[in-house]
Amino acid sequence: MTAEGAPAAIGDFDYVVIGAGSAGCVLANRLSFDPGHRVLLLEAGGPDSDPWIHIPVGYFKTMHNPRTDWCFMTEPNAGLGGRAINYPRGRTLGGSSSINGHIYMRGQARDYDHWRQLGNAGWGWDDVLPYFRKSQDQARGADAMHGAGGPLAVTDQRIRLPVLDVWAAAAAEVGIPRVTDFNRGDNHGVGYFQVNQRNGLRWSAARAFLDPVTYRSNLTVLTRAQALRIRFQGRRAVGLDFEHDGRVVGARARREVILASGAIGSPQLLQVSGVGPGDLVRRLGVESVHHLPGVGANLQDHLQLRLVYKLFGMPTLNEKLNSLWGKALVGMEFAFFRRGPMTMGASQMGCFARSDPARDTPNLEYHVQPLSTDRLGDPLHPFPAITASVCNLRPESRGTVQARDPDARKPPAIHPDYLAAEEDRRVAADSIRLTRRIVLETAAFRPYRPEEYKPGIDAQDEDALRRAAGQLGSTIFHPVGTCKMGNDENAVVDDRLRVHGLEGLRVVDASVMPSITSGNTNAPTYMIAEKASDMILADAKT
């Protein structure tokens with residue numbers, strides 16, 4: 001792939017950023033601060049004009065909607081009983097931060113210390129904490145762990161329901177302490193999640209980082225601009241071909257091309273541009289630029305098991321939202337006060353626990369909801385119930401993302417390979433057992449006579465619990481790792497996020513994580529982009 005034969009260029013830029021999601025919006029903001037830098041930000045989706053993007057509960061409307069979601073499907077997964085599952089990824093300004101569950105979660109200090117121990121200098125907890133703080137506008141105010149006055153609003157939720165407090169009391173009974181802050185480096189405990197909202201509305205990457213700087217004359221933002229291939233001269237990235245307004249055009253990059261398309265889009269674009277496993281590139285019929293076997297490998301995700309429990313004598317949102325009058329009250333509460341169920345993120349109550357008491361830190365995360373469905377997007381059940389969605393925070397299973405076609409507009413093959421590892425199957429079974437202890441064996445829940453609706457109490461022995469996990473399991477929307485940072489044979493970028501063996505090319509998004517963080521992955525992605533921005537600007541001076 002060479003610069004010869006490239007389509008007409010729309011101009012020269014210092015930095016061409018591909019993807020206006022959580023990372024891309026941060027990069028656009030920070031790199032364009034210097035008026036001497038010309039920055040181009042490309043987003044394959046449209047503007048974030050859909051009202052459901054900004055209404056917090058609207059993720060039910062924006063996921064699986066082709067206007068705002070790539071609507072990916074995985075390949076059939078043996079660990080899930082041969083099922084293929086939906087794999088939502090944001091396709092609009094703000095990317096997945098415009099359709100996700102809003103939860104602000106950094107993970108654990110050990111996650112980042114592990115990155116550093118793998119040889120990634122500058123990525124330990126003490127190194128990254130200043131970048132978490134830099135982004136933040138923490139509603140509770142600044143302290144040693146939190147920042148205030150940054151672009152990213154982090155607030156307490158505007159909904160409290162008695163059934164959630166019952167869960168917290170039950171968790172405390174089994175030894176999980178109550179906490180008010182999950183983001184101090186040790187998230188062990190139970191409490192309400194904080195969310196990326198402002199005044200009861202979603203505060204996406206686009207709202208936080210992009211909207212305040214669109215006036216800058218040195219920043220160009222193009223929506224409905226689908227990246228097609230990276231252009232190279234030798235081993236240096238010099239620009240990008242992309243489709244915009246129905247025609248193929250190009251952009252030249254004087255300094256760097258920066259991939260910020262996420263754990264699915266970034267490896268796919270590298271592969272169709274000739275960077276990746278040599279055999280895959282040959283199958284695509286693409287001219288090889290650089291053999292890099294790790295591109296698209298190391299896919300990690302948190303598999304959620306959505307366990308549902310019927311309750312008696314305890315109101316949940318199922319009853320309210322199945323009633324026209326109840327829906328009207330919910331709508332009025334939001335319209336007049338910006339409070340109530342319409343301000344809900346994907347989950348309200350969080351809980352971090354150990355599947356085995358011998359573990360030194362929590363390896364399970366619960367997202368507890370005061371409602372239930374058979375599947376996300378389905379009608380709510382006609383009976384009072386809660387959903388206790390539990391995921392293994394440190395899966396050992398590893399999957400792949402592989403381009404099927406040299407045309408980047410065609411979806412890649414996504415193989416999460418959930419539950420392939422024996423340890424993951426063991427943790428899945430143990431997590432169901434722990435959930436039963438919390439709901440079925442505690443004094444807090446006893447007055448409400450809980451009954452297990454899913455997976456069903458008949459699943460008792462180890463094999464039955466493992467089968468139940470495979471039948472229930474679904475993504476919790478945290479794919480990472482497919483362009484991992486490191487120095488081993490499968491690493492794609494170094495610890496400054498430069499693609500190994502090439503020049504003028506970086507990857508800055510969740511795909512660079514060498515191992516998945518112990519919690520939701522959006523806040524760590526903001527941090528990665530904040531740190532990368534400083535590194536990019538520092539390298540420009542050398």
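Numbers for residues simply follow the sequence, beginning at 1. None of the values given here were measured: they were computed from a predicted structure.
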Of all heavy-atom pairs between Ile432 and Ala469, which one has the smallest distance, and what is that distance?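 Answer, listing the atom of Ile432 first, then Ala469: CD1-N, 4.4 Å.
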
Specify the closest pair of heavy atoms between Thr387 and Arg306, including all atoms of both residues, with the distance to one decimal. CG2-NH2, 3.9 Å

First locate atom CD of Gln194, then atom OG1 of Thr180, and finally report the distance between them rounded to the nearest 0.5 Å. 8.5 Å

Test of understanding: with salt bridge (charged side-chain N to carboxylate O under 4.0 Å, His left out), list the residues that count as partners of Asp417, not counting sequence neighbours. none

Whether over 12 other heavy atoms sit under 6.0 Å from [X] [atom1]:
| X | atom1 | answer |
| --- | --- | --- |
| Lys531 | NZ | yes |
| Arg437 | CZ | no |
| Phe312 | CZ | yes |
| Leu324 | CG | no |

Would you say [Y] and [X] are linked by a side-chain donor-acceptor pair, where the criterion is simply a distance under 3.5 Å?
| X | Y | answer |
| --- | --- | --- |
| Asp69 | Tyr87 | no |
| Gln304 | Ser389 | yes |
| Tyr104 | Arg106 | yes |
| Gln369 | Ser372 | no |
| Ser22 | Asn522 | yes |
| Ser397 | Asp424 | yes |
| Gln108 | Arg394 | yes |
| Asp111 | Thr517 | no |

Only counting residues at least two apart or in another chain, list the ones meeting side-chain contact (heavy atoms from CB on, under 4.5 Å) with Ser266.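 Testing Ser266 for side-chain contact (heavy atoms from CB on, under 4.5 Å), a comparison that skips the adjacent residues, returns Leu259, Ser261, Cys483, Val507, Asp509, Ser511.
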
Once side-chain contact (heavy atoms from CB on, under 4.5 Å) is applied, do any residues pair with Ser32, and if so which ones, sequence neighbours excluded?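 So Ser32 forms a side-chain contact (heavy atoms from CB on, under 4.5 Å) with Val39, Arg216, Asn218, Leu219.
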
SB check Arg140 Asp156 (cutoff 4.0 Å): yes

Any Lys/Arg nitrogen of Arg158 or Glu333 sitting under 4.0 Å from an Asp/Glu carboxylate oxygen of the other? no

Considering only residues two or more places apart or on different chains, which pairs with a residue in residues 186-208 satisfy salt bridge (charged side-chain N to carboxylate O under 4.0 Å, His left out)? Asp137-Arg198, Arg207-Asp211

Enumerate the salt bridge (charged side-chain N to carboxylate O under 4.0 Å, His left out) contacts for residues 367-381, please, sequence neighbours excluded, ordered by first and then second residue.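 Qualifying pairs, neighbours excluded: Asp374-Lys454, Arg375-Asp378.
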
Only one of Val26, Ile258, Leu41 forms a side-chain contact (heavy atoms from CB on, under 4.5 Å) with Leu31, so which one is it? Ile258

With [X] via ring pair (Phe, Tyr, Trp, His ring centres under 6.0 Å) - residues at least two apart:
| X | answer |
| --- | --- |
| Trp167 | Tyr366 |
| Phe182 | Phe193, Phe352 |
| Phe209 | Tyr526 |
| His54 | none |

Would you mind reporting whether His146 and Arg184 have side-chain heavy atoms less than 4.5 Å apart?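 Yes, their side chains come closer than 4.5 Å.
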
Does Ser431 reach the side chain of Asn392, with side-chain heavy atoms less than 4.5 Å apart?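 The answer is no, as the side chains (C-beta and beyond) never meet within the 4.5 Å cut-off.
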
Residue pairs, two or more places apart or on separate chains, that pass ring pair (Phe, Tyr, Trp, His ring centres under 6.0 Å) and touch residues 63-86: Trp70-Phe72

What residues form a side chain to side chain donor-acceptor pair (under 3.5 Å) with Arg339, not counting sequence neighbours?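 Side chain to side chain donor-acceptor pair (under 3.5 Å) check on Arg339 returns nothing, list empty.
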
Expected list for residues 438-448: side-chain donor-acceptor pairs under 3.5 angstrom, two or more places apart:
from   : atom 1 : to     : atom 2 : distance (Å)
Thr442 : OG1    : Ile438 : O      : 2.6

